[in-house]
Number of protein chains: 2
Amino acid sequence: MMKKSKHPSLSEVAKRAGVGTTTVSRVINGGHRVDPKTLARVLDVIETLGYMPSQAARTLKGDRSGTIGLIVPSIVDPFFSSCAEVVQSIARANDSLLIVATTQNDPHAEVDDLNVLIRHRVDGLIIAPANSQSKQLTDILRRAAVPVVAIDRPLIHLPIPSVVADNFNGAYSATRHLIDHHYKRIVCLTGETTLYSIRERIHGYRKAVESAGLACILDTSIKDYESAKYAIESLFARADPPDAIFTLKNSTTIYAFEALEQLNIPVPDCVALLGYDDFELAATVRPSITVVQQPIEEIGRIAAELLFEQLLSVHRFSWPTGSARPQQVKLATRLIRRRSCGCPQAEAKAERSQQAGQRGSGRVLRSMQER
Amino acid sequence: MMKKSKHPSLSEVAKRAGVGTTTVSRVINGGHRVDPKTLARVLDVIETLGYMPSQAARTLKGDRSGTIGLIVPSIVDPFFSSCAEVVQSIARANDSLLIVATTQNDPHAEVDDLNVLIRHRVDGLIIAPANSQSKQLTDILRRAAVPVVAIDRPLIHLPIPSVVADNFNGAYSATRHLIDHHYKRIVCLTGETTLYSIRERIHGYRKAVESAGLACILDTSIKDYESAKYAIESLFARADPPDAIFTLKNSTTIYAFEALEQLNIPVPDCVALLGYDDFELAATVRPSITVVQQPIEEIGRIAAELLFEQLLSVHRFSWPTGSARPQQVKLATRLIRRRSCGCPQAEAKAERSQQAGQRGSGRVLRSMQER
DNA sequence: CTGTTAGCGCTTTCAC
DNA sequence: GTGAAAGCGCTAACAG
């Protein structure tokens, strides 16, 4: 004979304990104002039955669902998995579960994910929008009236807070660094030019080279190792090969590094390499790679904190105090100087402690507020 | 005047459309057996109101919650984030959301997470248990009667399916490979010896060295770069330094690699290095690192498929057909020969295509079934 | 084809 | 301290 149903319900507990449902409810919510003897008995029944309150019922009753959603392009991408980890831990600290949905930067998938999450009545949402100006996305968000924080890429057309890195200045000062090294032909390699972050970086690069009177050599065709190798090969086949390469994305940096090695083009002697976004082995490969480091965990942490701030205030007041809320947080990046740009070798030991020490040191650059 | 409530309900839609709730319900569930004109009207109202059915209500009503849980040590760990990504995509294909919870291998956190997920009535669960033989964990799982699949580490004391890599043979043949290179003093470096996977690898290593009549030199103290460096330093300060190092974990491999470089111990000339678990730049660093590659995505994919198989069959029958279900899937690993073990350099181009080609080629070694 | 109705499991007045 | 009862939003019998 098998027990058909799945989970015991509160009323079953009440029955078995010989009390009313109210009492059981009180017990599982802290056990205040319950007679110690009753309390003990109810707890005992709960234990025996293995009772677990149904979040579905609670949610239906009007409570929060106890979940927040995270919509990102990918979860294998170290940038977003780091964010996810931080967000998850903050969610846990706020008694919430994290639902992760990935979009591969496909606006269609993004809208789908968003709708599903709304059906699930997530209490809040953190999203790295594939398209910063998607009308459809903002429409849904506006209607759902669910607290949202955008990360990595702001969401325009809508007064919602966002936490992003200062892509423009990160790229600008990186390029400046190359210029200071007296490189004259600095090429910029990238792909995914539809993304806000990449665009900002391109602007930073362009601003730097142009104001230095240098040529803006931009190749936006990099999609994989093959295209990177092809691009580099072509560049070096020309009469005026570049003397520095600035890659705007983690994977592009790696592709370029491998291609240069494959093509026997010495770095930094023949060409310098500087990448946007740090990665685990950037200091270990030879030559070590100079990069623009983003305060990834800070982004996740601040976004999550901003979100739960909203959640709590929404709980208290029906609408947040008149104070300006939608903050646009922009975090400073750091240039990590290693060998590939031509800088003298940093002592590895030093870099290690340096890396450890700067954890979570991303500073808030600007924190404008406006409705 | 601000609208107080949040989401419109089905009955509001019904009222506005001048129909009964059943009709609306039918509409949002495919719109079958509904008069086209009524259908259109209802859809219109839904559109206007921005109505989104409440999953909470559906779940309460007895439907599946449309969520599955994933409990892993960490989400930044490439191994688990890869699993997560695959699982998420399969979940989506089955109209389910993925809730991710991380434990940092802390059994306490694990139990907490599990309980919360059960409260949320996840339809199924994929878990990489911190402790394969946790009584508490198995008790909860048994009672909750929620479909579960274990990954990376099996869950004993309970007849649930698991999908793991063949750690023993992976480590065994890796060690054999070093032995075939005529190394005589093969040291094994690791930490986290409480984990099933690590233990299996140690067994594989031990079996190989012992049956070859070599010494078993095991250092289980590696926790970070410092400890790795210290261990290696100590080993080489001895009269009989090792001529090969076998690291059992991704991070350990990297620490060892960096420490060797730091200590100016040439690889593979002075000492060979072989690591368990492949990583992105293993082929790019110099020397490139020979590793045991695990079929990570396969693990995630098979686990998710196994899980949804259970979910579907549970739906049909109240209990799965008498056939043996709890499969213990063990997937073969591959030894990727690169330079650090002393093998001649593989042509990089070849490795690239090789890597691409072998994606998802993890073969099922054994697939035993037993109640 | 369509409406009425009875709960799903829980919280929450409001009485006792 | 405690219980009875009214829903939260939805689905699924049952009637029509």
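The structure displayed is predicted, hence computed values, not measured ones. Below, chain A is the first sequence line, B the second, and so on; all start at residue 1.
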If you find the nucleotide of DNA chain D closest to B/M52 and the one closest to A/R33, which residue's nucleotide is nearer the 5' end? A/R33
Do the non-hydrogen side-chain atoms of B/I127 and B/E110 ever get within less than 4.5 Å of each other? yes
Bounded by its outermost nucleotides with an atom under 4.0 Å from a heavy atom of chain B, the footprint on DNA chain C reads C/dC1 to C/dG9
Mind checking side-chain contact (heavy atoms from CB on, under 4.5 Å) for B/V111 and listing every partner two or more places apart, or none if nothing turns up? B/N115, B/Q136, B/I140
Base, sugar-phosphate, or nothing for A/G18, non-hydrogen atoms under 4.0 angstrom? sugar-phosphate
Tell me which pairs pass salt bridge (charged side-chain N to carboxylate O under 4.0 Å, His left out) where either residue lies in residues 123-140 of chain A, with sequence neighbours left out. A/R64-A/D123, A/K135-A/D139, A/D139-A/R142
Please list, chain by chain and in numerical order, all residues satisfying side-chain contact (heavy atoms from CB on, under 4.5 Å) with B/H32, sequence neighbours excluded. none
Tell me, which pairs form a salt bridge (charged side-chain N to carboxylate O under 4.0 Å, His left out) where one or both residues lie in residues 82-103 of chain B, sequence neighbours left out? A/D113-B/R92
Which whole-number value in Å describes the distance from A/R121 CZ to D/dG9 P? 9 Å
List the residues meeting side-chain contact (heavy atoms from CB on, under 4.5 Å) with B/E305, not counting sequence neighbours, and say none if there are none. B/I90, B/R301
Residue whose nearest DNA chain C nucleotide is more 5′ - B/G62 or B/D35: B/D35
Please list, one pair per line, the donor and acceptor atoms closer than 3.5 Å that link side chains of residues 46-54 of chain B to other protein atoms, with sequence neighbours excluded.
unit_1, atom_1, unit_2, atom_2, d
B/T48, OG1, B/D44, O, 2.5
B/S54, OG, B/A56, N, 3.3
B/S54, OG, B/A57, N, 3.1

Return the set of residues passing side-chain contact (heavy atoms from CB on, under 4.5 Å) with A/T38 (not counting sequence neighbours), or none when no residue passes. A/V19, A/T23, A/V34, A/D35, A/R41, A/V42
Partners passing side-chain hydrogen bond (donor to acceptor under 3.5 Å, both in side chains) against A/T138 (at least two apart in sequence or in another chain): none
A/R119: which residues meet the side-chain hydrogen bond (donor to acceptor under 3.5 Å, both in side chains) condition with it, sequence neighbours left out? none
Within less than 4.0 Å of OP1 or OP2 of D/dT2, is there a side-chain N or O belonging to A/T23? no
Let's go through A/T102 and B/Q88 carefully: what are the C-alpha distance in whole Å and the side-chain angles of both, what is the deciding distance for side chain to side chain donor-acceptor pair (under 3.5 Å) to 0.1 Å, and is it a yes or a no? CA-CA 8 Å; A/T102 62; B/Q88 198 269 343; 2.8 Å; yes
Rounding to a whole Å, what distance do you find between A/H120:NE2 and D/dG9:P? 17 Å
In B/S/- notation (B base, S sugar-phosphate only, - none; protein heavy atoms under 4.0 Å), nucleotides 11-16 of chain D written 5' to 3' is BBB---
When the axes are fitted on five pairs at both termini, how much does the helix from C/dC1-D/dG16 to C/dC16-D/dG1 curve, in 10° steps? 40°
Starting at atom CD1 of B/I46, determine the distance to atom P of D/dG9, rounded to an integer number of angstrom. 15 Å
